[in-house]
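Counting convention: from 1, in listed order, for ligands and their atoms alike.
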Amino acid sequence: MLKGKHALVTGGGTGIGLAIAKILAENGATVTITGRRMEALEAAAGETAGLRPRIMDVTDESAVKTVIGAAVKEFGPIQILVANAGIAEGKKLHKTDTAFWRKIMATNLDGAFFTIREAMPSMLSTDWGRVIAISSIAGVRGLPGGGAYSASKHGVIGMIRSLAEDFMGQPYTFNSICPGYVETDIITRNIDSIKDRAGISAEDALKVMTEANRHKRLISTREIAEAALWLCSPHSGSVNGQEIKIAGGQVAG
Ligand code: NDP
């Protein structure tokens with residue numbers, strides 16, 4: 001289905017990004033995967049044909065320009081862009097210092113902005129394109145103890161909705177995927193942080209996240225990847241400017 005297409009997945013060496021990169025490659029795309037750790041990217045590329053690793057820190061505007069420019073030169077225009085790289089760290093907003101706020105915004109919001117802006121010109125030189133941002137359920141509602149994260153993910157949705165308006169009626173779509181808690185390293189790291197902050201056991205910390213999903217289980221990365229693949233299918237062209245919520249049930253937005 002995606003033969004001849006060049007995709008870029010930021011944070012494509014692990015977790016949700018890796019699952020999306022794999023499914024796009026399995027469907028014929030050449031997939032540039034980026035992140036800050038070459039070992040993770042190379043391990044991913046070693047396991048799945050079609051993945052092309054490159055170091056790119058999304059907070060570094062000039063690196064984003066250079067790396068995307070080089071990837072386009074080597075593999076052609078980026079027609080599928082998945083802005084996935086992100087960090088999830090929690091602090092109550094009234095206790096959030098500016099450095100922490102900037103760190104979350106620099107990765108989750110500035111990073112998605114730089115990536116989309118730098119990839120768009122190549123996409124616009126073609127007659128088909130898909131931009132998918134991995135936001136979060138915390139992008140459509142507040143997150144207790146995670147104000148900066150929630151604000152960054154709301155911001156991503158605002159960008160995607162605006163892009164959909166900017167290019168309305170043209171052969172490009174812009175959508176956000178908003179997962180609940182997905183089984184990745186973020187969960188492992190969250191267990192430690194919730195455990196320490198709430199003074200509870202690791203088991204109870206995991207339960208906090210499992211119970212937060214409406215169907216009371218963690219979501220698999222494959223479930224998110226299948227949704228991304230559908231957004232790249234020939235029959236999803238009328239889905240534009242949306243937030244696809246994958247959280248086991250209805251979530252008030
Ligand atoms: P991971 O930690 O496995 O993935 C995050 C990826 O982002 C890593 O590959 C990491 O690579 C990359 N990354 C982080 N910071 C940077 C940076 N400055 N520059 C470039 N790459 C960076 O966790 P997930 O797969 O769970 O997270 C993926 C996305 O999904 C995130 O945006 C997250 O907010 C979102 N999400 C996750 C949920 C979950 O429950 N897991 C729920 C809702 C949303 P490296 O460290 O090598 O740079």
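For ligand 1, the atoms closer than 4.0 angstrom to any heavy atom of Y149 are 33 (C), 34 (O), 35 (C), 36 (N), 43 (C), 44 (C). Contact atoms of ligand 1 toward T59: 18 (N) (distance under 4.0 Å to a heavy atom of the residue). Below 4.0 Å from some heavy atom of M56 lie the following atoms of ligand 1, by number and element: 19 (N), 20 (C). Close contacts between ligand 1 and G86 involve ligand atoms 5 (C), 7 (O), 14 (C), 31 (C), 32 (O) [criterion: under 4.0 Å to a heavy atom]. Against a heavy-atom cut-off of under 4.0 Å, T14 is close to the following atoms of ligand 1: 1 (P), 3 (O), 4 (O), 6 (C), 8 (C), 9 (O). Using a 4.0 Å cut-off to heavy atoms of I16, the atoms of ligand 1 that qualify are 25 (O), 26 (O), 30 (O), 37 (C). Taking every heavy atom of G15 and a limit of under 4.0 angstrom, the matching atoms of ligand 1 come to 3 (O), 25 (O).
The pair E226-K22 does not meet the salt-bridge criterion, since no charged nitrogen lies less than 4.0 angstrom from a carboxylate oxygen. A salt bridge does not link D192 with R197: every distance from a Lys NZ or Arg NE/NH1/NH2 to an Asp or Glu carboxylate oxygen is 4.0 Å or more.
Atom CG of residue L18 and atom CG of residue N84 lie 10.0 Å apart, to the nearest 0.5 angstrom.
In T107, the part holding a heavy atom less than 4.0 Å from any atom of ligand 1 is the side chain. When non-hydrogen atoms are compared, ligand 1 lies under 4.0 Å from the side chain of K153 (C-beta onward) but not from its backbone. At a heavy-atom distance under 4.0 Å, only backbone atoms of S135 (N, CA, C or O) approach ligand 1. At a 4.0 Å heavy-atom cut-off, ligand 1 touches V58 through backbone and side chain alike. At a heavy-atom distance under 4.0 Å, atoms from both the backbone and the side chain of A85 approach ligand 1.
For NZ of K216, the number of neighbouring non-hydrogen atoms (other residues, nucleotides, ligands) closer than 6.0 Å is greater than 12. Residue-environment remark: NZ (K103) stays at or below the threshold of 12 foreign heavy atoms within 6.0 Å.
Note: an N/O pair closer than 3.5 Å links D57 and ligand 1 by distance alone.
With hydrogens left out, the protein atom closest to atom 48 (O) of ligand 1 is R36 NE, 2.6 Å, a heavy atom. Given atom 23 (O) of ligand 1, the protein heavy atom at minimum distance is I186 CG1, 3.2 Å.
When the salt bridge (charged side-chain N to carboxylate O under 4.0 Å, His left out) test is applied to R54, the partners found at least two apart in sequence or on another chain are E74.
Because its NZ or CZ atom is both nearer than 6.0 Å to the ring centre of F113 and within 45° of the ring axis, R117 counts as a cation-pi partner of that residue.
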Per-pair distances, 0.1 Å, donor-acceptor, side chain in residues 143-150, under 3.5 Å, sequence neighbours excluded:
| unit_1 | atom_1 | unit_2 | atom_2 | d |
| --- | --- | --- | --- | --- |
| S150 | OG | A138 | O | 2.7 |
| S150 | OG | R141 | O | 3.2 |

Apply side-chain contact (heavy atoms from CB on, under 4.5 Å) to the pair M120 and L81, showing each step before the final yes or no.
CA-CA 9 Å; M120 283 297 296; L81 171 60; 5.8 Å; no

